[in-house]
Amino acid sequence: MKQLWSPWRSQHIERVVEQPLSRPGEPSLFVRLAAENRDEENLILWRGQHVFVIMNLYPYNNGHLMIVPYRQVADYEALTPEEQCEMAQTVARCIRWLKYALKPDGFNVGMNIGKVAGAGIPDHVHLHVVPRWEGDTNFMPTLAEVKVVPEALRDTYRKLRTAIEALESDHEAPATTS
């Protein structure tokens, strides 16, 4: 069997072991990142009234976005109607930005609610928007259990910020650039 090395993953694994992404009763990673004034460094692309959009640091595909409510709740039904509505509206925004910036052929949109469902941060519900391309399913995941992400996160971030600036000038919720 051949191996594909990704030493950057070990930093993530070590950090999660030493400092889990979230601990019961403490603010989640999302709450902590949203509170900082370092959006570009934290890969936060956009801020709305009730939710924000952040790039997944360990994406399934480049452009893998997460829509996160500012308020930390574990269950979708615990969101207010306003939070649910803004999440749904933000899905459309994300798809529009991704189409403009990356030109995918399709999308996966969904939530993993609860640890057993695959939620990496189970105490803070969030919605994933994953762009898909016709050729993005290849032999690597099947044979080698390896996913190839073809573009650096910071390059994708810049493309998406350009899309947001181009497409959001006529919308009410301000985009951030901190």
Side-chain angles (χ1 to χ4, degrees), residues 2-16 19 21 28-48 51-70 87 89-112 118-121 124 126-171 173-178:
K2 294 184 180 182
Q3 294 179 334
L4 182 63
W5 297 99
S6 59
W8 56 270
R9 284 290 292 170
S10 67
Q11 295 171 357
H12 170 64
I13 293 165
E14 290 168 8
R15 190 184 80 230
V16 169
Q19 179 186 357
L21 295 176
S28 73
L29 172 66
F30 294 136
V31 169
R32 295 189 312 263
L33 293 175
E36 295 178 1
N37 190 21
R38 302 181 315 172
D39 284 3
E40 184 171 352
E41 182 180 333
N42 292 332
L43 300 174
I44 294 174
L45 286 165
W46 178 87
R47 290 177 180 265
V51 303
F52 64 98
V53 176
I54 186 169
M55 292 177 61
N56 192 322
L57 186 57
Y58 302 102
Y60 181 77
N61 270 342
N62 61 310
H64 180 165
L65 306 179
M66 295 179 293
I67 303 168
V68 185
Y70 292 109
M87 284 186 90
Q89 292 169 339
T90 304
V91 170
R93 278 190 155 100
C94 290
I95 289 171
R96 191 171 61 248
W97 304 333
L98 288 162
K99 283 181 176 180
Y100 183 94
L102 304 179
K103 300 174 182 30
D105 299 316
F107 298 89
N108 291 119
V109 177
M111 294 181 171
N112 302 322
I121 303 176
H124 198 147
H126 53 283
L127 194 146
H128 296 262
V129 180
V130 182
R132 300 300 303 269
W133 288 267
E134 190 69 36
D136 73 3
T137 52
N138 59 44
F139 71 93
M140 292 296 283
T142 305
L143 299 178
E145 296 183 5
V146 171
K147 182 68 181 165
V148 177
V149 179
E151 183 173 66
L153 286 174
R154 301 293 170 193
D155 293 341
T156 304
Y157 183 90
R158 283 189 287 280
K159 287 180 181 178
L160 288 167
R161 284 295 312 144
T162 299
I164 292 167
E165 290 166 9
L167 298 172
E168 291 298 316
S169 60
D170 60 341
H171 288 85
T176 61
T177 57
S178 5

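Note: hydrogens, waters and symmetry copies are ignored here, and every other heavy atom, side chains too, is used.
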Working to the nearest 0.5 angstrom, can you tell me the gap between [X] [atom1] and [Y] [atom2]?
X	Y	atom1	atom2	answer
His64	Thr156	NE2	OG1	12.5 Å
Met66	Leu57	CE	CG	8.0 Å
Asn62	Asn56	CG	CG	12.0 Å
Tyr157	Ile44	OH	CD1	8.0 Å
Tyr70	Arg47	OH	CZ	4.5 Å
Leu153	Tyr58	CG	OH	9.0 Å

Looking only at non-hydrogen atoms, find the nearest pair between [X] and [Y] and report the distance.
X	Y	answer
Ile164	Leu45	CD1-O, 3.6 Å
Trp133	Pro104	NE1-CA, 3.2 Å
Arg154	Glu41	NH2-O, 3.2 Å
Gly63	Leu102	CA-CD1, 3.8 Å
Met55	Leu65	CG-CD2, 3.7 Å
Leu127	Met111	CD1-CE, 3.7 Å

Are any non-hydrogen side-chain atoms of [X] and [Y] less than 4.5 angstrom apart?
X	Y	value
Val53	Trp97	yes
Arg38	Leu33	no
Leu29	His124	no
Asp39	Phe52	no

>> As a test of understanding, state which of Ile54, Thr90, Ile121 forms a side chain to side chain contact (heavy atoms under 4.5 Å, CB included) with Val68.
In response: Ile54
>> Which residues pass the side-chain contact (heavy atoms from CB on, under 4.5 Å) test with Ala166, not counting sequence neighbours?
In response: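 side-chain contact (heavy atoms from CB on, under 4.5 Å) list for Ala166, sorted by chain: Tyr100.
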>> Can you tell whether the side chains of Glu165 and Arg161 come within less than 4.0 Å, N to carboxylate O?
In response: yes
> Checking Asp105 side chain against Glu134 main chain: does a donor-acceptor pair fall under 3.5 Å?
Replying inline: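 Yes, because the side chain of Asp105 sits within donor-acceptor range (under 3.5 Å) of the backbone of Glu134.
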